[in-house]
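We're numbering straight along the sequence, starting at 1.
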Amino acid sequence: MGNSGRLYYRNNRIKQLRAFCYTSQSGSISRAAERLKLSQPSVSLQIQALEREMEITLFERRGPKITLTPDGKTLYELALPLVEGIDALPARFAARNEQMQSGRLDIAAGESSTLYLIPDLLQQFMGLYPDSPVKLHNLIGAEMLNALRHDEVDFAIGSMLDLPDDINYRPVYSFATSLITPTDHPLAQRVAITLDDLASDALILPPRHLTTWRLVHMVLQQHDIPYQIRLEVGGWEIMKAYVERGFGIGIASNICLTGRENLAVKPLPDVFPRRTYGVMWRRGKYLSQPARRFIELMNPDFFSAAGDSQFDHNHEPSGNQVFVAAGGRPRGVRGGDPT
C-alpha cells in the first residue's frame, strides 16, 4: 500500500510542483489550497511527497508562517517556469492553432494547373478564408519534388508521370486528349479521327520532357504510326496560338480547351488514355487546416471514407494513376467533364 501511494504521487509530479510553487508564492498552504481548489491536507500531502522523494526540506515552518529553505529556493527557481509553461499550454496551443487555421498556404503547380485548375478554386478559397494568404509556386518536375520533400510547399497540384515512393498522389480530375487543327484544315471536316490521320509531318507538341509528349510518343509507337514533330513549344497557350496560325496540327490535353479558341477540336481514339490531375504531398506530412480546406474545394470527399476508394488498406495510393481508361467516368471541373 505504501509503495502504491508513493507511485501515485510520483506520477503526479506536476501537481506536486504546482502545489509547491503556489505555496511559495502565497507563503501559505491554505491560500495555495484555495487557488488550487483543493483541501489544505491534499496540498500538504503533495508537498510532503515531493520532499520525501527528493530527500530535501522545502519549507521552514514557524507556526502559521512558512518560508523557503535554500533547497526550496533552488527548486522554486527551476520549477516555476515548468509550472507556468504547463498552465499556459492551453492558451498557447489555442494561439498557435489559430495561426495554423489562418496561416499562409503554399501551393506548387505547373503552368497547366495554375492557368486552368487553380483560378476558380483560389477565388472560392480567398472568398471563404480571407485571412489565409496564398503563395503559388510555379514549379515542375524535380523542382516540385524538391519543394515537397523540404516542406517548402504544403502540397502540389498537377500531373506527374514518374512519382517516387516518398510522394503521395491522389487524382481528382481527368481529361481526355484531343486533336486541334486550324479551322480550314482538311482534318477539321472529319467526323471521326483515326490513328492513321495522325501520320503527319506537321505535329506541334509540348517539349519532350513533359508528360503529353511521352503519351503521344507511346501511343503512336505502339500502333506503328509514323510521325514527325514539326514544332515543339512550351505551354498550351503557345501551342494553340501556333496551330491557329497554321503551323501544323496539335495534340492537346482538354484541360486547356475552353471552347473560345478559333480552332477545330476533334476527339482522339480511345487508345489515348485520359490524363489525371490531382494532389501531391510528401508521404507522412501533416496537412494544415488551410491546406485541407483548399483540397476539399477540389473534392469535398477527399479526406473522408468516400475519398479513399482509390487507396489500399494502409491509406496509400494503389498506384500513380496518372492515366486512366478513356471510357472512365472523370471528375470534371466546374461541375462537369471539361472536355
Side-chain angles (χ1 to χ4, degrees), residues 109-117 138 140-142 144 158-163 171 173-277 320-328 330 333 337-339:
E111 181 176 311
S112 296
S113 299
T114 302
L115 285 177
Y116 311 116
L117 290 180
N138 187 15
I140 60 171
M144 181 181 289
S159 178
M160 191 174 293
L161 189 58
D162 301 313
L163 280 168
Y173 312 110
S174 72
F175 300 90
T177 304
S178 294
L179 176 70
I180 57 175
T181 75
T183 55
D184 58 353
H185 193 277
L187 291 178
Q189 311 308 317
R190 293 287 182 89
V191 175
I193 300 297
T194 68
L195 285 176
D196 289 334
D197 292 328
L198 303 179
S200 169
D201 60 357
L203 279 181
I204 300 177
L205 291 177
R208 293 171 182 256
H209 66 278
L210 297 182
T211 305
T212 298
W213 188 96
R214 298 167 69 179
L215 168 64
V216 172
H217 175 74
M218 175 187 70
V219 172
L220 297 184
Q221 187 179 56
Q222 286 176 349
H223 293 82
D224 296 322
I225 303 298
Y227 73 97
Q228 290 184 8
I229 299 175
R230 184 179 187 185
L231 184 63
E232 290 185 23
V233 295
W236 296 122
E237 295 302 314
I238 300 175
M239 175 192 281
K240 291 189 296 184
Y242 275 79
V243 172
E244 285 181 351
R245 297 187 61 160
F247 280 81
I249 61 175
I251 295 177
S253 169
N254 286 6
I255 188 176
C256 74
L257 300 177
T258 65
R260 297 186 296 271
E261 297 88 0
N262 184 29
L263 294 168
V265 179
K266 296 294 180 178
L268 287 171
D270 284 349
V271 292
F272 283 88
R274 302 181 70 91
R275 180 176 170 186
T276 69
Y277 285 75
N320 287 349
Q321 301 173 37
V322 173
F323 296 119
V324 295
V333 182
D337 185 348
T339 57

* Asked: Can Val219 and Thr177 be said to form a side-chain contact (heavy atoms from CB on, under 4.5 Å), step by step?
  -> CA-CA 12 Å; Val219 172; Thr177 304; over 6 Å; no
* Asked: If you round to the nearest 0.5 Å, how far is CD1 of Ile204 from OH of Tyr242?
  -> 9.0 Å
* Asked: Under 3.5 Å, is there a donor-acceptor pair linking the side chains of Ser159 and Arg275?
  -> yes
* **Lys240 (side chain) donor-acceptor with Glu261 (main chain) under 3.5 angstrom** => no
* Do any N or O atoms from the side chain of Lys266 and from the backbone of Ala192 form a donor-acceptor pair under 3.5 angstrom? -> no
* To do: Of all the heavy-atom pairs spanning Leu257 and Val265, show the shortest one and how long it is.
  => CD1-CG1, 3.7 Å
* Asked: Where is the tightest heavy-atom contact between Ala264 and Pro182, given as atom of each residue plus distance?
  -> CB-O, 4.2 Å
* Measure the CZ-OG1 distance between Phe272 and Thr212 for me, rounded to the nearest 0.5 Å. => 10.5 Å
* Structure fact -> Tightest non-hydrogen contact, residues Ala188 and Thr181, listed as CB-OG1, 3.6 Å
* Checking side-chain contact (heavy atoms from CB on, under 4.5 Å) for the pair Phe175/Leu117: CA distance, chi angles, key distance, verdict? -> CA-CA 12 Å; Phe175 300 90; Leu117 290 180; 3.8 Å; yes
* Can you name the closest pair of heavy atoms from Arg214 and Arg208 and give their distance? -> CG-O, 3.8 Å
* Asked: Mind checking whether Trp213 and His217 have parallel, tilted or perpendicular rings, split at 30° and 60°?
  -> parallel
* Spatial distance of atom OG (Ser178) from atom CG (Leu268) [nearest 0.5 Å] -> 6.0 Å
* Please examine the side chains of Pro273 and Leu215, heavy atoms only from C-beta on, and report whether any two atoms are closer than 4.5 Å. => yes
* Take Asp197 and Arg190 through the side-chain contact (heavy atoms from CB on, under 4.5 Å) test and state the conclusion after the steps. => CA-CA 10 Å; Asp197 292 328; Arg190 293 287 182 89; 2.7 Å; yes
* Structure fact -> When rounded to the nearest 0.5 Å, the distance separating CZ of Arg230 from CD1 of Ile249 is 11.0 Å
* **Verdict with reasoning, Glu237 to Tyr116, per side-chain contact (heavy atoms from CB on, under 4.5 Å)** => CA-CA 11 Å; Glu237 295 302 314; Tyr116 311 116; 2.4 Å; yes
* **Interatomic spacing from OG1 in Thr183 to CD in Glu244 - rounded to 0.5 Å** => 9.0 Å
* **Closest non-hydrogen atom pair, Ala252 against Met239** => CB-SD, 4.0 Å
* Structure fact -> Correct closest heavy-atom pair for Leu198 and Tyr227 would be O-CB, 4.0 Å
* Would you tell me whether Ser253 and Trp236 have side-chain atoms, one donor and one acceptor, within less than 3.5 Å of each other? => no
* Asked: How many angstroms lie between CG in Asn138 and CD1 in Ile140, if you round to the nearest 0.5 Å?
  -> 8.0 Å
* Sub-3.5 Å donor-acceptor pair from the side chain of His223 to the main-chain atoms of Ile225, do we have one? -> no
